[in-house]
Amino acid sequence: MSSSEPVVPKPGDLLAAMPFAAGLGIELHEATGERAVGSLAWSRDLCTAGGALHGGVMMALADSVGAVCAYLNLPEGASGTSTVESKTNFLRAVTSGHVHATARPLHLGGTLLVVQTDLRDDRDRLVGQTTQTQIVLRRNTD
């Protein structure tokens, strides 16, 4: 690797920077600028009525994996991102197994990054889709 190539953090290091995601049990399996992949195991503690995984938990998975994808696409001089908008469509309940999240960039601008995250169950059925807008944060130079 030449010195001009960016150093891509390991998935475990990225997850360690997100204590909320780690506390939920989110696992990060792959993290590149082209896509980030993570998962979360169904747990009764994370459910709503009827044993369905809570929508907020699935949104947290999508937001966390999407944030990793956005972070790995930061423009030069940026210090981080923050979610400014997130929209999720839930398509079916998850009552067992895992939810698998795959995030991909839709727009990579200097001020805003837009990421789409597909949520799938263990049978590879689409259970939800999140589109989020992340604002690019810059270090204060004052």
Side-chain angles (χ1 to χ4, degrees), residues 1-49 52-142:
M1 179 163 70
S2 73
S3 60
S4 64
E5 291 182 37
V7 176
V8 178
K10 295 178 183 173
D13 294 337
L14 290 163
L15 189 60
M18 300 185 296
F20 177 73
L24 281 177
I26 293 171
E27 296 180 21
L28 192 58
H29 308 291
E30 178 184 333
T32 68
E34 291 78 32
R35 76 181 204 159
V37 178
S39 65
L40 177 65
W42 178 94
S43 167
R44 183 168 307 286
D45 295 340
L46 301 176
C47 288
T48 188
L53 198 59
H54 193 284
V57 171
M58 295 198 325
M59 289 177 75
L61 170 62
D63 185 68
S64 298
V65 175
V68 167
C69 184
Y71 177 79
L72 294 175
N73 283 289
L74 284 173
E76 189 170 328
S79 61
T81 70
S82 183
T83 303
V84 294
E85 189 272 338
S86 183
K87 183 211 184 293
T88 301
N89 287 318
F90 297 107
L91 306 173
R92 65 177 62 237
V94 176
T95 57
S96 65
H98 291 78
V99 178
H100 307 275
T102 302
R104 291 184 171 84
L106 294 179
H107 170 75
L108 301 174
T111 303
L112 297 174
L113 307 171
V114 180
V115 177
Q116 180 175 298
T117 304
D118 291 341
L119 300 170
R120 296 186 174 276
D121 64 14
D122 284 337
R123 293 171 54 190
D124 201 34
R125 297 178 298 184
L126 191 64
V127 299
Q129 187 174 73
T130 299
T131 303
Q132 65 182 211
T133 304
Q134 300 261 341
I135 193 162
V136 174
L137 303 175
R138 306 227 179 238
R139 289 181 182 84
N140 188 354
T141 58
D142 293 341

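Since the structure is predicted, the reported quantities are computational estimates derived from the model, not experimental observations. Residue numbers count from 1 along this sequence.
Counting only distance, with no hydrogens or angles, the side chain of N73 and the backbone of C69 share a donor-acceptor pair below 3.5 Å. Of the possible polar contacts, one joining the S79 side chain to the L137 backbone as a donor-acceptor pair under 3.5 Å is found. Distance alone, capped at 3.5 Å, is enough to place a donor-acceptor pair between the H54 side chain and the G56 backbone. Looking at D122, its side chain does come within 3.5 Å of a backbone N or O of H98 through a donor-acceptor pair.
Interatomic distance, CG of L28 versus CG of L15, reported as 6.0 Å (0.5 Å rounding). Rounded to the nearest 0.5 Å, atoms CZ (F20) and CD1 (I26) are 7.0 Å apart. Put simply, NE2 on H100 and CG on L61 are 10.0 Å apart, with the number rounded to the nearest 0.5 Å. Distance check: Q116 CD to H107 NE2 gives 14.5 Å after rounding to the nearest 0.5 Å. Put simply, CG on L72 and OG1 on T81 are 10.0 Å apart, with the number rounded to the nearest 0.5 Å. Rounded to the nearest 0.5 Å, atoms CE (M59) and CZ (F90) are 5.5 Å apart.
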TODO: Decide side-chain contact (heavy atoms from CB on, under 4.5 Å) for L113 and Q132; before the verdict, give the C-alpha distance in whole Å, the side-chain angles of both, and the deciding distance to 0.1 Å.
DONE: CA-CA 8 Å; L113 307 171; Q132 65 182 211; over 6 Å; no

Task: Derivation and outcome, side-chain contact (heavy atoms from CB on, under 4.5 Å), residues L119 and V127 - done: CA-CA 6 Å; L119 300 170; V127 299; 3.8 Å; yes

Task: T83/T133 under side-chain contact (heavy atoms from CB on, under 4.5 Å): CA gap, chis, key distance, verdict - done: CA-CA 6 Å; T83 303; T133 304; over 6 Å; no

Task: L46/L24 under side-chain contact (heavy atoms from CB on, under 4.5 Å): CA gap, chis, key distance, verdict - done: CA-CA 8 Å; L46 301 176; L24 281 177; 4.0 Å; yes

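The side-chain hydrogen bond (donor to acceptor under 3.5 Å, both in side chains) with T88 is formed by just one residue from the set D63, T130, T117, T131; it is T130.
Pairing each heavy atom of A103 with each of V115, the nearest pair is CB-CG1, 3.8 Å. Minimum interatomic distance between T95 and A52 (heavy atoms only, all atoms of both residues): CG2-CA, 4.1 Å. Scanning all heavy atoms of the two residues, the minimum distance from S64 to A21 falls at OG-CB, 3.5 Å. Minimum interatomic distance between W42 and C47 (heavy atoms only, all atoms of both residues): NE1-SG, 3.1 Å.
Inter-residue side-chain proximity for V99 and L53 is flagged as met; some heavy-atom pair is nearer than 4.5 Å. No side-chain heavy atom of T111 sits under 4.5 Å from any side-chain heavy atom of V136. Inter-residue side-chain proximity for M18 and V68 is flagged as met; some heavy-atom pair is nearer than 4.5 Å. With contacts defined as side-chain heavy-atom distances shorter than 4.5 Å, the pair L40/V57 qualifies. Proximity of R35 to E30: side-chain heavy atoms (C-beta onward) are separated by under 4.5 Å at one or more points.
Between R104 and E34 no salt bridge is recorded (no basic side-chain N to carboxylate O distance below 4.0 Å).
Residues D118 and Q129 bring a donor and an acceptor atom of their side chains to less than 3.5 Å of each other.
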